[in-house]
Amino acid sequence: MNKKDKETLKRKLEENKKSLEENLKKFAKKDTLPEGDWDTVFPNVEGSSMEEKADEVEEYSSLIKIEEALEVKLKNIDDALKRIEDGSYGNCEKCNGEISYKKLSIIPETRTCKKCS
Ligand SMILES: [Zn+2]
């Protein structure tokens, strides 16, 4: 992969990271330890009816699922940014072959090539 393509993908990863963090901030707070961990904030249930409370709990559990999915994505992005730094970015972690730019431009945090995924 040439330097320019790498820069483009790096920018894309950084933008994705920013928007993921913005999304997480809406309902979760960032843990300082361990680094990169997020906690879903339980919605304020004070003064609501039982029915409303049940809704809040349901909402909370679905938020946790969303939070986990976003967190995994964020970790993959961080990982890809690290691989850009150490030079292993763009290589498939299974066969070590080059991942196509086409695939990387759609999912820049991808770890495997088309054959292996
Ligand atoms: Zn592969």
Side-chain angles (χ1 to χ4, degrees):
M1 195 192 318
N2 65 45
K3 215 177 157 194
K4 198 175 148 257
D5 286 349
K6 208 181 242 182
E7 281 300 313
T8 309
L9 292 169
K10 190 181 174 189
R11 255 202 311 278
K12 212 173 233 186
L13 282 163
E14 279 164 349
E15 275 165 25
N16 287 351
K17 185 179 170 172
K18 217 185 254 171
S19 68
L20 273 173
E21 284 182 336
E22 288 301 314
N23 270 323
L24 273 164
K25 265 184 211 155
K26 285 181 197 153
F27 61 85
K29 59 179 171 45
K30 199 174 186 175
D31 268 351
T32 39
L33 283 168
E35 181 78 43
D37 209 38
W38 291 71
D39 280 334
T40 306
V41 179
F42 197 83
N44 187 10
V45 290
E46 222 176 307
S48 32
S49 71
M50 279 308 280
E51 205 171 292
E52 275 166 352
K53 269 180 194 157
D55 281 348
E56 299 269 15
V57 171
E58 205 169 293
E59 192 194 320
Y60 182 64
S61 23
S62 63
L63 279 180
I64 287 178
K65 281 191 202 109
I66 299 167
E67 193 246 287
E68 279 169 356
L70 290 177
E71 202 179 300
V72 167
K73 209 161 179 237
L74 197 59
K75 276 188 180 143
N76 286 339
I77 290 176
D78 271 334
D79 203 67
L81 286 166
K82 266 182 214 145
R83 279 181 281 130
I84 287 181
E85 293 305 315
D86 71 20
S88 63
Y89 182 74
N91 291 334
C92 171
E93 69 172 11
K94 285 190 181 153
C95 70
N96 212 27
E98 212 172 291
I99 305 172
S100 71
Y101 181 72
K102 199 179 158 198
K103 189 180 175 188
L104 286 169
S105 63
I106 302 166
I107 320 161
E109 70 273 26
T110 191
R111 315 166 70 101
T112 49
C113 72
K114 208 175 164 189
K115 263 192 306 192
C116 301
S117 53

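Predicted model, so just to flag it, every value in this text is computed and none were measured. Both ligands and their constituent atoms are indexed starting at 1 by order of listing. One-based numbering along the sequence shown.
The shortest non-hydrogen separation linking Ile99 to Cys92 is CG1-N, 3.7 Å.
Interatomic distance, CD of Glu15 versus NZ of Lys10, reported as 13.0 Å (0.5 Å rounding). Atoms CG and CG, on Leu24 and Asp39 in that order, are 10.5 Å from each other to the nearest 0.5 Å.
Remark: the Ser117 side chain and the Lys103 side chain contain an N/O donor-acceptor pair separated by less than 3.5 Å.
Taking the side chain as every heavy atom from C-beta outward, Asn23 and Leu70 approach each other to under 4.5 Å. The side-chain heavy atoms of Glu109 and Leu104, taken from C-beta on, include no pair separated by under 4.5 Å.
Screening the protein for N, O or S atoms under 2.8 Å from the Zn ion (ligand 1) yields 4; no waters enter the count.
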